[in-house]
J.: 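I'd like to ask some things about the structure below.
Proteins get letters first, then strands, A, B, ... in listed order; numbering begins at 1 in each.
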2 protein chains.
Amino acid sequence: MTDIKIPPDHPRAESLRIREKLIAYYSEGMVAVAGLMAHGRGETFDYLLGEKTTKSALKAINAAAVMLLTAKKPVISVNGNTAALVAEEIVKLAHVTNAKIEVNLFYRSLERELVIKKRLKKAGAHEVLGVGENALAKIPELSSERRRVDPNGILVADVVLVPLEDGDRTEALVKMGKKVVAIDLNPLSRTAQNATITIVDNVVRAMPRLVETVEKLKCQGKSELKEVLLNFDNRKNLTEIIALIKESLSELAEKGETLSFGESAI
Amino acid sequence: MTDIKIPPDHPRAESLRIREKLIAYYSEGMVAVAGLMAHGRGETFDYLLGEKTTKSALKAINAAAVMLLTAKKPVISVNGNTAALVAEEIVKLAHVTNAKIEVNLFYRSLERELVIKKRLKKAGAHEVLGVGENALAKIPELSSERRRVDPNGILVADVVLVPLEDGDRTEALVKMGKKVVAIDLNPLSRTAQNATITIVDNVVRAMPRLVETVEKLKCQGKSELKEVLLNFDNRKNLTEIIALIKESLSELAEKGETLSFGESAI
């Protein structure tokens, strides 16, 4: 299945390469089978957004960069899909923001945790929290395996970056008084709706942008940074993105263009 | 992963059950790994359509029932996801419309073909075309494994039912002068846009409805049936569905409701 050659000039080459990457890491036990279906759900939203980082996403990335830069104890939460797709960018972001990296999985198994840890270490991570016995603290109000967190990481964090998840953890973290930055292609998910800052973008595009933006803003004064956060309205931003999807649907329908997912047939 | 119990009162129970079913058949080698991601893409569209059979879908089902009933040599094309989700309904539909059943896969392997054939036989199919050496004819203009068809089935069919696929086969079949009925949750896919009749609905809801409708219309006169087809406009129907998705997005956004996919976290 993964030995099909993707021609470099294929109009959907990038999307197909991401898919092949996920499948390869699925075979290694890093990505959960549910993660493959979740990726498919994201693909539809990405397509409806034109598969590009929108202006609204850029605003959210800017605000997120400031929030991470000004955090006291930022933590980047990592699951299977994120480790598979953007391990290098996670390590870079942790480095430039002084953030910790913690593995947090819905389908927890020591085997998966270790595969993810290995990939992050290989990408240059000094420390990976939340693996094995270290995930001994619990987030209140959560019943899934997601509740297990590291007492040196998410439990005591003031800002948590949560890329690619759908569920009630963001709400629980916000109730604990934490600020949550989410990366989620579905602007209507519970994660997207409950996060403090929601970046509605493909994690593959958003993460390098986030690293870049942090590096650019690092030298700015505190008051300028505060300004960015004061001017950002997450609710308004999400509404803008939903309007964009509607426009995109109208345009595609009017032009008679097809929204095709390429060689994805089953 | 599949041993997570789904509580029967879970708001997303039906969707989660379908997911678990696909995963189980994936483990048996029936569903391709790409089929899991394709299912995810469909889930997003289904959610945006309110996870119900819309009036526009009912119109298309009605027209499709007539087209199958009045066909001379109808064939139902079956892939991994379809066999996993609606094998029983495929057999029922073949029975009430005198249609042949043919396996047609993008990721062809004799092993997958045989697993699918076995499932269809168990569901009551008398004959399953397109397996192994029997798929020796070729659809012109197609380069994928989808081009291989049975000389007694799709090659000589006048009407082909194509549930759940995304790609260029529908266009090729239409160019060969065949009528294509597609079931596809993405109203903008090449399949949806090129089919003669497109049912934009979840195959799990559409297939039993289609069987029911055929049974109901079976006793009607030929002129009444012709009327149904004359009154059906596929292009208009697809436009209506795109409008419905836009409305649904507006409503969800206005109500501040979340479009959550349940325990799908990764």
Side-chain angles (χ1 to χ4, degrees), chain A residues 1-2 4 19 22-23 26 31-45 47-48 79-82 105-107 144 146 164-169 186-194 235 238-239 242-243 245-246 249-250 252-253 256-266, chain B residues 1-2 4 19 22-23 26 31-45 47-48 79-82 105-107 144 146 164-169 186-194 235 238-239 242-243 245-246 249-250 252-253 256-266:
Chain A
M1 222 148 285
T2 53
I4 289 183
R19 235 180 252 172
L22 275 179
I23 294 175
Y26 164 72
V31 170
V33 69
L36 298 176
M37 293 198 261
H39 181 72
R41 292 195 290 277
E43 275 191 339
T44 295
F45 281 110
Y47 213 115
L48 291 174
N79 66 11
N81 284 30
T82 321
L105 306 175
F106 186 83
Y107 297 110
S144 77
R146 275 247 150 96
L164 300 191
E165 78 173 51
D166 180 39
D168 44 8
R169 189 166 65 118
N186 174 2
L188 289 158
S189 76
R190 279 184 290 175
T191 300
Q193 292 284 321
N194 288 310
R235 180 72 28 207
L238 287 170
T239 308
I242 293 159
I245 295 179
K246 284 164 61 185
L249 272 166
S250 302
L252 286 164
E257 268 181 32
T258 54
L259 191 160
S260 175
F261 290 105
E263 308 305 306
S264 63
I266 46 183
Chain B
M1 222 148 285
T2 54
I4 288 183
R19 235 178 254 173
L22 276 179
I23 293 174
Y26 164 70
V31 170
V33 69
L36 298 176
M37 293 197 262
H39 181 72
R41 292 195 290 277
E43 275 191 339
T44 295
F45 282 109
Y47 212 115
L48 291 174
N79 66 11
N81 284 30
T82 321
L105 306 174
F106 186 83
Y107 297 111
S144 76
R146 275 249 151 95
L164 302 190
E165 77 173 51
D166 181 39
D168 45 7
R169 188 167 63 120
N186 173 2
L188 291 157
S189 76
R190 278 183 290 175
T191 300
Q193 292 283 322
N194 288 309
R235 179 74 26 208
L238 287 169
T239 309
I242 293 160
I245 295 179
K246 283 164 60 187
L249 272 166
S250 304
L252 286 163
E257 268 181 30
T258 55
L259 192 160
S260 174
F261 289 105
E263 308 306 306
S264 63
I266 46 182

J.: Any heavy-atom pair between the side chains of A:L249 and B:I245 that's under 4.5 Å?
T.: yes

J.: Working to the nearest 0.5 Å, report the span between CZ of B:R41 and CD of A:E43.
T.: 5.0 Å

J.: How many angstroms lie between CZ in A:F45 and CG in B:L48, if you round to the nearest 0.5 Å?
T.: 5.0 Å

J.: Less than 4.5 Å apart, side chain to side chain, heavy atoms only: is that true for B:L252 and A:I242?
T.: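 No, every pair of side-chain atoms sits at 4.5 Å or beyond.
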
J.: Hey, could you give me the CG/OH distance between A:L36 and B:Y26, rounded to the nearest 0.5 Å?
T.: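 Here the interatomic distance stands at 7.0 Å.
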
J.: What residue among B:L22, B:I23, B:V33 forms side chain to side chain contact (heavy atoms under 4.5 Å, CB included) with A:V33?
T.: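 That would be B:I23.
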
J.: Do B:R19 and A:M37 have side-chain heavy atoms sitting under 4.5 Å apart?
T.: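 B:R19 reaches A:M37 side chain to side chain.
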
